[in-house]
Amino acid sequence: MADLTIEAAGSALAKGELSATELLESVLTRASLTEADLHSFLTIDHEGAMAAATGSDERLRRGEPRGLLEGIPLAVKDNFCTRHLETTCGSQILAGYLPPYDATAVARLRDAGAVLVGKTNCDEFAMGSSTENSAFGPTRNPWNPERVPGGSSGGSAAAVAVGSVLGAFGSDTGGSIRQPAALCGVVGFKPTYGLISRYGLVAFASSLDQIGPFARTVADAVTLFEAVAGYDPLDATSYQGLVPNVRPTLGEGVSGLRVGIVRELGGEGYDAEVAAATSAMVDKLADEGAKVSEVSLPSFEVALSVYYLIAPAECSANLARFDGVRYGLRVPGETVEEMMARTRAEGFGPEVTRRILLGTYALSAGYYDAFYGKAQKVRSLLIAEMATVFEQADVLVSPTSPTTAFELGAKTQDPLAMYLSDVCTIPANLAGTPAISVPIGLDSGGLPIGFQVMAPALGEKVMFQTAAAVEALADFDARPAMAVSP
Ligand code: GLN
């Protein structure tokens, strides 16, 4: 049962062939068999999940209307506020923190009938690409436990890959949904900025952060997206227009679609097998009638540098709130200043500290124009370039990650090498545009390869249409060995 798609489980539940309680028990068994190797969860809420599943079964018995995710076991990243359920963001500074409210996305999942199994591991405050920056220990890759699952939402990706949940949510500031999805062989989607409310998502870099789903199929990612998307008055950046209606175009194929291959997202630094699998998929799209051409976006070459000014700058402002007064950890001191300094020094790990220092520096008087101001100008240039390219192409494609999953510890001593993992995913965050990663195969070491499809703002329809075609052409149905029930 833990291997069912949301679609299949939903229909079995609706027909009464399966109960929400049985389904929950089955995924909890899967989690109990895999968690010792993976550590994809920070919290498993056995009691809360069982109560939700029982409630869902009761509703079926009483013939009450069914929610879109009725009885479906899901997880959310540990930077989503969950009422009275520990929310740490993978940080010591929030260890033991119990939010008094649910994030809007969580509230909508509960309203849709979903069963929240728990909170998934992540890099501290979502800063990282391997989940090794979690203060509570790393998550491992289900395809090879010596490898990282990607990050920062590595726990969500790993849990979906093994069937400890049927779907999950994460946050994507520079690639934190798409990159771990690629490295774990699942689908990961970052919507257009503003389509999913971030109320109750602990902020990292507010002009970039976006919530999105992980699933095993493109159709399931659509269902998860539909359950949470749409205007929320509690989020000032929430989009007030209609959410693109993506489902009807899912099966339409790519005949006649203009597909642009991004020249800048390839070449040096890319695994040969990733490059080969990407071109093979592009050839298949062309065989299906897509009009493929190469496009160039010169500003993509500097997107990583722009991101590593803007994201730390915003992070330094957002994380000022963790001061020992209002939330979590407090390390006493002689004065208030000393208490705050000690709390922050003890509570934040090295990567978060590095980002706060970098961001504070980039925003300081005398450096603001030279660093932050200039980065904002290049960001505008990148947005303009993307708009021009999207006049020639309906979608842009690239690898999701330049490499497959790397070994634990391989990049922890070299922040720049770690940052380079997001070179393909960051542009969509800077532009606020939608992008998805779809698994297209395994490399010779048995590690998954992800294919990224990008579209213009609110272009989710054509993005999902292409993603569904990629999924069908890839016909990827391999599962990690640890997900296969004995
Ligand atoms: N890896 C990138 C970073 O460390 C992106 C993180 C994210 O998307 N949350 O900033």
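Both counts, for ligands and for their atoms, begin at 1 and track the order of listing.
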* For the residue pair F125 and F204, is the inter-centroid distance of their aromatic rings smaller than 6.0 Å? -> no

* Any chance you could lay out the ring pair (Phe, Tyr, Trp, His ring centres under 6.0 Å) test for Y101 and Y199, step after step, and finish with the verdict? => CA-CA 10 Å; Y101 68 100; Y199 178 72; 5.2 Å; yes

* **Contact (N/O only, under 3.5 Å) between D422 and ligand 1** => yes

* Structure fact -> Under 4.0 Å between heavy atoms, the region of S152 that gets near ligand 1 turns out to be side chain

* Counting each atom of ligand 1 from 1 as listed, which ones have a heavy atom of A126 under 4.0 Å away? -> 6 (C), 7 (C), 9 (N)

* Asked: What atoms of ligand 1 come within less than 4.0 Å of a heavy atom belonging to G174?
  -> 5 (C), 7 (C), 8 (O)

* Structure fact -> The atoms of ligand 1 lying under 4.0 Å from a heavy atom of M127, numbered in the order shown, are 4 (O)

* Could a heavy atom of S129 be found less than 4.0 Å from some atom of ligand 1? -> yes

* Is the shortest N/O to N/O distance between F204 and ligand 1 below 3.5 Å? -> no

* Report the C-alpha separation of F214 and F169 in whole Å, then their side-chain angles, then the decisive distance to 0.1 Å, and conclude whether the ring pair (Phe, Tyr, Trp, His ring centres under 6.0 Å) test is met. => CA-CA 6 Å; F214 289 88; F169 281 82; 8.6 Å; no

* Around atom 5 (C) of ligand 1, find the nearest protein heavy atom and jot down its residue, atom name and distance. => Y307 OH, 3.3 Å

* Asked: Considering distance alone, does some N or O of G128 sit under 3.5 Å from an N or O of ligand 1?
  -> yes

* Between D78 (side chain) and C122 (backbone), is there a donor-acceptor pair under 3.5 Å? -> no

* Does the N or O separation between G175 and ligand 1 drop below 3.5 Å for any pair? -> yes

* **Check: T278 and V397 side chains under 4.5 Å, non-hydrogen atoms** => no

* atom 7 (C) of ligand 1 - nearest protein heavy atom and its distance -> S176 OG, 2.4 Å

* Asked: For the rings on Y239 and Y231, is their centre-to-centre separation under 6.0 Å?
  -> no

* Is R355 near ligand 1, meaning one of its heavy atoms is under 4.0 Å from it? -> yes

* To do: Kindly indicate, with the supporting measurements, whether the criterion side chain to side chain contact (heavy atoms under 4.5 Å, CB included) is fulfilled by T360 and S316.
  => CA-CA 6 Å; T360 307; S316 71; 3.6 Å; yes

* side-chain contact (heavy atoms from CB on, under 4.5 Å) involving Y193 - partner list, sequence neighbours excluded -> R198, Q210, T237

* **Y308 near ligand 1 by a heavy-atom separation under 4.0 Å** => yes

